[in-house]
Undergrad: 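Have a look at this one.
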Amino acid sequence: MVSDNLKNVTQRIARCCEKCGRHPGDVSLICVTKEASVEASKEALAGGARFLGENRVQSAISKYRIIGDGASWHLIGHLQTNKAKEAVRIFSLIHSVDSAHLAGAINKEAVKIGKVQDVLVQVNVAGEESKFGVSPEKAKDLISELAQFKNIRLQGLMTIAPLVDDPERVRPYFRALRELRDHLNDKRYTINDIRHLSMGMTDDFEVAIEEGSTMVRIGRAIFGNR
Ligand SMILES: *Cc1c(COP(=O)(O)O)cnc(C)c1O
């Protein structure tokens, strides 16, 4: 049952926060509905979920048509420039900005509808070829460039850790993202302090919370394996 799973995950987040001295209110649960039906997504919302994460604009649109603003929609997957228009209309947060070109396209669409679009910069901390995201070295330049886009508000950083059996093995990547955020804030690469760290999925969210995650993106633990 989705609602039982949701309760269980929420409790695990709370317990983990308690263990590492963090406030559970500082960690948002993004329910990743990319493989879940509209019914299952609605069940999660009825069970108290607030944020739904989708990795493709197209599948988000079809769910959005039914569920609408009853959820806060997050784009967690790669965004193509030609989908920026639809993305800006639906998503309250885009987790996957990884180029100035894409940021420019998002900004342009946001200007058109008078919106300030919240975004995260996706960082490929582990340098995996299969993954999107900027390298930690290039994150600084990209973040400096974002300042020119008045209708984009940078809220933080996102990463996807490598797939491994033992979550302890991805701790260094989560730690590196936190250190990068702190460095960016210290050196004033950004206009405002950036706060958010979107990191942690079904297999590794507890380690991510211990390392400072403020948004965990969880699919399978709530909606089951496909
Ligand atoms: C699918 C996905 C998730 C959720 O993964 P689970 O292992 O099912 O929790 C999180 N983030 C991104 C970017 C995803 O594509």
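Order of listing sets the numbers, starting from 1, for every ligand and every atom in it. Just so you know, these numbers use all the heavy atoms, side chains as well, and skip hydrogens, waters and symmetry mates.
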Undergrad: I'd like to know whether Ser96 forms a side-chain hydrogen bond (donor to acceptor under 3.5 Å, both in side chains) with Gln122, so could you lay out the CA-CA distance, the side-chain angles of the two residues, the decisive distance to 0.1 Å, and finally the verdict.
TA: CA-CA 5 Å; Ser96 50; Gln122 181 173 353; 4.9 Å; no
Undergrad: For Leu45 and Gly70, which heavy atoms make the closest approach, and how far apart are they?
TA: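 Smallest interatomic distance, heavy atoms only, reads CD2-O, 3.9 Å.
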Undergrad: Give a yes or no answer on whether the side chain of Lys63 reaches the backbone of Leu52 with a donor-acceptor pair at less than 3.5 Å.
TA: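 Not a single qualifying donor-acceptor pair exists.
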Undergrad: Considering non-hydrogen atoms of the protein only, which is the closest contact for atom 6 (P) of ligand 1, and what is the distance?
TA: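 Sorting protein heavy atoms by distance from atom 6 (P) of ligand 1 puts Thr202 OG1, 3.4 Å first.
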Undergrad: Should you measure from each heavy atom of Gly219, which atoms of ligand 1 turn up under 4.0 Å away?
TA: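 Listed by number with element: 4 (C), 6 (P), 8 (O), 9 (O).
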Undergrad: What residue and atom, counting heavy atoms only, is the protein's closest point to atom 11 (N) of ligand 1, and at what distance?
TA: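 The closest one turns out to be Arg217 NE, 2.8 Å.
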Undergrad: For ligand 1, which atoms have a heavy atom of Ile218 less than 4.0 angstrom away?
TA: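 Close to Ile218: 9 (O).
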Undergrad: May I ask you to identify the nearest protein heavy atom to atom 5 (O) of ligand 1, giving residue, atom name and distance to one decimal place in Å?
TA: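 The closest heavy atom on the protein side is Met201 CE, 3.6 Å.
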Undergrad: Kindly indicate, with the supporting measurements, whether the criterion side-chain hydrogen bond (donor to acceptor under 3.5 Å, both in side chains) is fulfilled by Arg195 and Thr214.
TA: CA-CA 8 Å; Arg195 189 167 82 82; Thr214 67; 5.6 Å; no
Undergrad: Can you find a heavy atom in the side chain of Ser92 that is under 4.5 Å from one in the side chain of His74?
TA: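 Counting from C-beta outward, Ser92 and His74 do come under 4.5 Å.
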Undergrad: Look at atom 12 (C) of ligand 1 and say which protein heavy atom is nearest, naming residue and atom and giving the distance to 0.1 Å.
TA: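 The closest one turns out to be Ile76 CD1, 3.5 Å.
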Undergrad: Could you tell me the residue and atom name of the protein heavy atom closest to atom 7 (O) of ligand 1, and the distance to it rounded to 0.1 Å?
TA: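 Here the nearest protein heavy atom works out to Arg220 NH2, 2.7 Å.
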Undergrad: Could you tell me the separation between the CZ atom of Phe91 and the OH atom of Tyr64, rounded to the nearest 0.5 Å?
TA: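 If we round to the nearest 0.5 Å, Phe91:CZ and Tyr64:OH are 10.5 Å apart.
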Undergrad: What part of Ile160, side chain, backbone, both or neither, has a heavy atom within less than 4.0 angstrom of ligand 1?
TA: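 Only the side chain of Ile160 comes within reach of ligand 1.
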Undergrad: Between Asn5 and Ile222, which heavy-atom pair has the shortest distance, and what is it?
TA: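 Smallest heavy-atom distance, with atoms named: ND2-O, 2.9 Å.
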Undergrad: For atom 2 (C) of ligand 1, what's the nearest protein heavy atom and its distance?
TA: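 Ranked first by proximity to atom 2 (C) of ligand 1 is Lys34 NZ, 2.7 Å.
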